[in-house]
Amino acid sequence: MNHPVTPELQAATWAAVGKPSPHESAQLHVLGQATYTDDIAELQGTLHAALGLSQKPHARITAMDLSAVRGSQGVVAVYTAQDIPGTNDCGPIIHDDPILTAELVQYVGQPIFIVVADTHDHARRAARLAQVSYEELPAIMTPQAAKAAQSYVLPPMQLTRGNYQAAFETAPHVVKGQLYVGGQEQFYLEGQISYAIPKEAQGMLVLCSTQHPSEMQHVVAHALGVHSHNITVECRRMGGGFGGKESQSALWAAAASIAAAKLKRPVKLRADRDDDMLVTGKRHCFYYEYEVGYDDDGKILAAKVDMTTRAGYSADLSGPVATRAVCHFDNTYYLSDVDIRAACGKTNTQSNTAFRGFGGPQGAIAIEYVIDEIARHLQRDALDIRLLNFYGRNDVEGRNVTPYGQTIVDNVIHELVAELEVSSDYRTRRRAIDAYNEASPILKKGLAFTPLKFGIAFNVTHLNQAGALVHVYVDGSVLVNHGGTEMGQGINTKVMQVVAHELGLDLERVRATATDTSKVANTSATAASTGADLNGKAAQDAARQIRERLADYAVKLYGGEAACVRFFDNHIHVNGHVVPFAELVQKAYLARVQLWSDGFYATPGLSWDAKTMTGHPFSYYAYGAAVAEVVVDTLTGEWKLLRADALYDAGESLNPAIDLGQVEGAFIQGMGWLTTEQLWWNAAGKLMTHAPSTYKIPGISDCPEDFRVKLFQNRNVEDSIHRSKAVGEPPLLLPFSVFFAIRDAISSVGHHAVQPPLNAPATSEEILKAVMAVQAAGVAA
Ligand code: MTE
Ligand code: HPA
Ligand code: MOS
């Protein structure tokens with residue numbers, strides 16, 4: 001049978017989305033030709049700034065002598081708090097973050113002054129020469145200490161459902177305990193940097209490595225005491241952000257701009273690694289106290305958790321982070337009767353901030369720890385306890401409502417876990433590992449299977465909006481600008497694919513520009529994994545408007561109906577005519593058709609009541625699961641990840657190559673968080689792990705030789721951009737499997753009869769301590 005190949009049929013099979021197109025800057029990255037902020041050619045007269053930092057965790061400044069700083073080689077100016085022309089604040093929500101502190105210092109590393117010199121090196125050397133006298137005050141360093149002192153940056157929050165107390169009291173079994181999960185440095189390869197260039201009449205151009213250009217614009221405007229329209233912030237790309245440049249690029253943007261405004265000269269402020277790590281906030285570490293009741297099968301009947309975070313000295317984003325932790329404590333499990341509490345401990349440390357997952361991983365790991373304990377207590381495979389507690393399938397009434405009241409309509413965890421259970425050969429390998437451990441007294445293997453569910457949307461509803469501009473030039477080439485920022489995650493590639501798809505063009509015909517506050521206004525941070533979702537939709541809206549105008553014009557020229565005009569393969573198909581896109585554009589220009597458009601998107605259907613902690617905070621959920629197998633040396637605490645299998649639900653992936661890269665990267669990054677990356681403050685309150693020499697992120701040799709990462713075949717039930725799902729943060733939860741595999745290996749030392757007291761990060765030292773605790777408990781029994 002021969003079907004005629006109609007334009008409709010051809011158009012239906014042609015696509016620019018869903019393809020594994022390489023990252024738009026991949027070649028530039030590997031050739032060293034991608035421009036980062038520090039690569040931008042410096043203007044004549046450019047000066048360099050450095051920050052003078054506090055040496056005490058909590059103290060009053062009694063005297064400050066900056067004469068040696070001023071007299072140091074190459075120094076042009078020194079500025080303290082009173083030199084700031086506008087507001088001395090760079091806090092994103094609550095205004096408790098001074099740019100420069102004047103009197104009270106609240107952590108070691110808090111900026112006190114800005115020194116500006118002819119070179120970067122001279123500025124840094126001068127910054128060390130300050131003579132500051134302090135009157136020391138008691139410091140609070142840990143979440144436990146903050147909790148004991150009731151020292152919080154915000155009022156504690158609580159979410160309850162059902163009757164926790166009654167359910168707990170009647171439960172056949174209970175598990176109670178504490179857990180500590182450490183923080184994590186973002187360790188973006190490109191550090192914080194801003195380059196401020198004064199423009200005429202109070203104008204300032206700030207070239208800044210930031211996830212949030214609009215916020216930088218506001219902070220700089222306030223600091224300089226001018227209106228936002230005077231400030232332009234531009235970011236072509238970041239060398240990684242990972243949440244660390246969502247709010248905390250503001251300090252650097254403000255400091256560079258203050259100096260530039262005062263001196264009327266361009267000023268660059270580039271943090272070196274030690275200063276970056278000493279000054280900026282990290283992932284929140286969490287301290288948990290939990291108690292959970294369950295039945296003989298392992299079904300959870302009542303769950304209570306009290307989480308205290310190390311927020312640091314100010315609020316920053318700690319409130320929304322704690323909220324997301326509360327909303328992810330359930331992970332993939334239906335919890336009928338709960339009491340979930342979170343408090344943001346005020347500590348004399350860096351102000352902790354966003355980091356990939358934004359509290360979600362910290363919330364979910366607690367319930368996974370509990371399930372791990374239930375399984376060991378019942379002598380059951382932990383996967384079976386997990387399966388038993390999963391949210392119900394979508395067609396099952398009742399067990400599909402989260403503690404915060406959102407009904408889950410897209411649950412695929414059952415199917416996804418079933419697929420991974422088979423493809424990873426989980427059950428067979430479990431038996432093989434048991435046999436291996438029986439025969440191996442020193443080296444012990446461990447295996448774990450962990451699921452994830454992650455809510456997609458900013459949990460602050462109004463942030464879920466985006467804008468874009470699409471320009472079609474007369475030669476038929478296309479330029480897209482949107483409010484999102486490129487940090488390596490591939491947002492530009494995805495947005496370019498969306499625009500190319502809408503206009504029926506090859507990806508090569510579309511180019512994306514730097515993010516620029518003078519092009520799209522009032523943007524949200526590129527965060528919460530929503531960058532491609534929001535900006536993709538906004539760019540699609542813009543491109544559609546141009547396409548519709550072109551279709552109308554094509555009908556004028558060639559006849560037919562606008563609704564039947566098809567755009568694909570770089571051509572327009574209209575009423576039997578096939579016209580090259582560039583040719584139609586040429587003609588449209590001469591006919592004075594508008595060839596550019598703006599676009600806008602606001603995620604529908606979201607709501608949140610912060611008082612009751614209920615509503616519909618997420619547009620949809622992304623799902624995933626992973627299996628990890630490790631071997632642990634029980635004499636040294638050293639370990640190795642032998643194999644990892646991961647399956648992730650990216651819906652109809654916009655770009656499977658980029659998404660697989662995101663899953664792999666998040667897996668390894670999350671593994672670092674839970675194993676080798678340890679933040680350590682000394683007795684004087686100074687963070688001592690402030691460089692790669694003392695802070696161990698994963699390297700290539702830490703990646704498993706056998707790493708099987710796949711995308712789950714799915715389609716978003718929500719009308720997301722081309723039915724894709726977000727991918728940036730959720731896979732950071734996949735390496736829970738590594739942590740619990742290590743715990744499983746340790747557990748085998750005591751024949752799985754003792755709960756290994758393992759906290760995160762599971763460093764070799766922590767592993768060894770847990771092994772010894774299990775051995776001691778075995779001897780005592
Ligand atoms: N991937 C790379 N390569 N670099 C990054 O800094 N940040 C992560 C994730 N993936 C990050 C990354 C974080 S914290 C978020 S919120 C998302 O990307 C943001 O991008 P998206 O919303 O466009 O996915
Ligand atoms: N993620 C990142 N940033 C945010 C969020 C979030 O969920 N909510 C508010 N700011
Ligand atoms: Mo990502 S932590 O939301 O920047």
Side-chain angles (χ1 to χ4, degrees), residues 23 25-26 29 92-93 184 186-190 209-212 215 235 237-249 281-284 315-328 352-363 454-464 466 482-495 498 515 523-537 603 606 608 610 617-619 622 650 653-655 658-659 661-670 673 720-721 724-732:
H23 191 288
S25 294
H29 291 155
I93 305 174
Q184 186 181 21
Q186 288 85 1
F187 223 106
Y188 24 65
L189 290 184
E190 176 210 33
S209 182
T210 181
Q211 294 172 242
H212 203 345
E215 171 107 344
C235 176
R237 60 169 64 77
M238 286 160 273
F242 304 112
K245 295 170 183 168
E246 180 171 345
S247 63
Q248 300 215 357
S249 40
K282 301 148 203 331
R283 182 189 295 287
H284 293 69
D316 186 82
L317 301 171
S318 295
V321 166
T323 303
R324 188 171 277 275
V326 167
C327 293
H328 283 75
N352 283 331
T353 190
F355 192 145
R356 205 171 195 171
F358 202 79
Q362 292 99 314
F454 197 90
I456 303 301
F458 283 96
N459 53 18
V460 175
T461 301
H462 76 267
L463 299 176
N464 296 286
H482 58 87
T485 55
E486 177 64 51
M487 57 195 98
Q489 86 280 34
I491 188 172
N492 281 346
T493 314
K494 288 181 173 179
V495 172
V498 167
T515 316
T523 55
S524 294
T526 307
S529 305
T530 60
D533 284 33
L534 297 173
N535 294 285
K537 277 280 194 183
T603 316
L606 303 175
W608 182 246
F618 303 119
S619 174
S653 169
L654 283 173
N655 184 320
I658 283 176
D659 286 357
Q662 284 288 298
V663 177
E664 290 175 0
F667 188 101
I668 299 300
Q669 189 169 44
W673 165 46
S720 61
I721 185 73
S724 65
K725 289 193 180 184
V727 69
E729 298 171 285
L732 195 118

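For ligands, and for the atoms within them, numbers begin at 1 and follow the listed sequence.
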Polar contacts were defined as any N/O atom of the residue lying under 3.5 Å from an N/O atom of the ligand; does this apply to Phe242 and ligand 1? yes
With heavy atoms and a 4.0 Å threshold, my read on which part of Ala527 contacts ligand 3 is both
Please state which protein non-hydrogen atom is closest to atom 10 (N) of ligand 1 and give its distance, to 0.1 Å? Gln662 OE1, 2.7 Å
At a non-hydrogen distance cut-off of under 4.0 Å, which region of Arg356 contacts ligand 3 (side chain, backbone, both, or neither)? backbone
What protein heavy atom sits nearest atom 22 (O) of ligand 1, and how far away is it? Gly531 N, 2.7 Å
Closer than 4.0 Å to some heavy atom of Val460 - which atoms of ligand 2 meet that? 9 (C)
May I ask you to identify the nearest protein heavy atom to atom 3 (O) of ligand 3, giving residue, atom name and distance to one decimal place in Å? Ala528 N, 2.6 Å
Could you tell me the residue and atom name of the protein heavy atom closest to atom 6 (O) of ligand 1, and the distance to it rounded to 0.1 Å? Gly241 N, 2.7 Å
Walk me through it: do Ser318 and His284 pass the test side-chain hydrogen bond (donor to acceptor under 3.5 Å, both in side chains)? CA-CA 8 Å; Ser318 295; His284 293 69; 2.7 Å; yes
Ligand-side contact atoms (ligand 1) for residue partner Ser529, heavy atom cut-off under 4.0 Å: 16 (S), 22 (O)
Centre-to-centre under 6.0 Å for Phe618 and His328, is that the case here? yes
Mind checking whether Val727 contacts ligand 1 via backbone (N, CA, C, O), side chain (CB onward), both or neither, at a 4.0 Å heavy-atom cut-off? neither
Numbered atoms and elements of ligand 1 in range of Ala528, under 4.0 angstrom, heavy atoms: 16 (S)
What protein heavy atom lies closest to atom 10 (N) of ligand 2? Include the residue and the distance to one decimal. Glu246 OE2, 3.5 Å
Any donor and acceptor pair, going by atom type alone, linking the side chain of Arg356 with main-chain N or O of Pro731 inside 3.5 Å? no
Gap between atom OG1 of Thr530 and atom CD1 of Ile721 - 0.5 Å precision: 13.0 Å
Are any of the N or O atoms of Asn459 closer than 3.5 Å to those of ligand 2? yes
Whether the side chain of Gln211 engages the backbone of Lys245 through a donor-acceptor N/O pair (distance < 3.5 Å, no angle test) should be reported. yes
So the atoms of ligand 1 within less than 4.0 Å of a heavy atom of Gly240 turn out to be 6 (O)
Can any side-chain N or O of Arg324 pair as donor or acceptor with the backbone N or O of Gly359 at less than 3.5 Å? no
Any N/O of Gln489 closer than 3.5 Å to an N/O of ligand 1? yes
shortest atom 17 (C) of ligand 1-to-protein heavy-atom contact is with Gly728 CA, 4.0 Å
Measure the distances from the heavy atoms of Gly484 to every atom of ligand 1 and state whether one is below 4.0 angstrom. no
Nearest to atom 5 (C) of ligand 2, what protein heavy atom do you find, and at what distance? Phe358 CE2, 3.2 Å
Any nitrogen or oxygen of Glu729, side chain or backbone, less than 3.5 Å from one on ligand 3? yes
Contact (N/O only, under 3.5 Å) between Phe358 and ligand 3: no
Closest protein heavy atom (residue, atom, distance) for atom 8 (C) of ligand 1: Arg356 NE, 3.9 Å
At less than 4.0 angstrom from any non-hydrogen atom of Ala532, what atoms of ligand 1 do you find? 23 (O)
Got the closest protein heavy atom to atom 19 (C) of ligand 1, with its distance? Met487 CE, 3.8 Å
Under 3.5 Å: donor-acceptor pair, side chain of Ser724, backbone of Leu654: no
In ligand 1, the atoms that come under 4.0 Å of a heavy atom of Gly243 are 14 (S)
For side-chain hydrogen bond (donor to acceptor under 3.5 Å, both in side chains), just list the numbers for Ser247 and Thr353, CA-CA rounded to whole Å, side-chain angles, deciding distance to a tenth of an Å, and then say yes or no. CA-CA 8 Å; Ser247 63; Thr353 190; 3.2 Å; yes
Contact between ligand 1 and Ala527 is defined here as a heavy atom of the residue under 4.0 Å from a ligand atom; is it met? yes
How does Glu729 reach ligand 1, by side chain, by backbone, by both or by neither, if only non-hydrogen atoms under 4.0 Å count? side chain
Backbone, side chain, both or neither: what part of Ala666 comes under 4.0 angstrom of ligand 1, heavy atoms only? neither
Between Ser653 and Asp659, does the side-chain hydrogen bond (donor to acceptor under 3.5 Å, both in side chains) criterion hold? Intermediate values first, please. CA-CA 7 Å; Ser653 169; Asp659 286 357; 2.7 Å; yes
Main chain of Ser529, side chain of Glu729: is a donor-acceptor contact present, judged purely on distance under 3.5 Å? yes
Nearest-contact summary for atom 3 (N) of ligand 1 - protein heavy atom, Å: Gly488 C, 3.4 Å
Should Gln211 be counted as touching ligand 3, given the test is an N or O pair under 3.5 Å? yes
Under 3.5 Å, is there a donor-acceptor pair between the side chain of Glu246 and the main chain of Ala525? no
For Leu463, take its heavy atoms, then give the atoms of ligand 2 lying under 4.0 Å from any of them. 9 (C), 10 (N)
Sub-3.5 Å donor-acceptor pair from the side chain of Glu486 to the main-chain atoms of Asn492, do we have one? yes
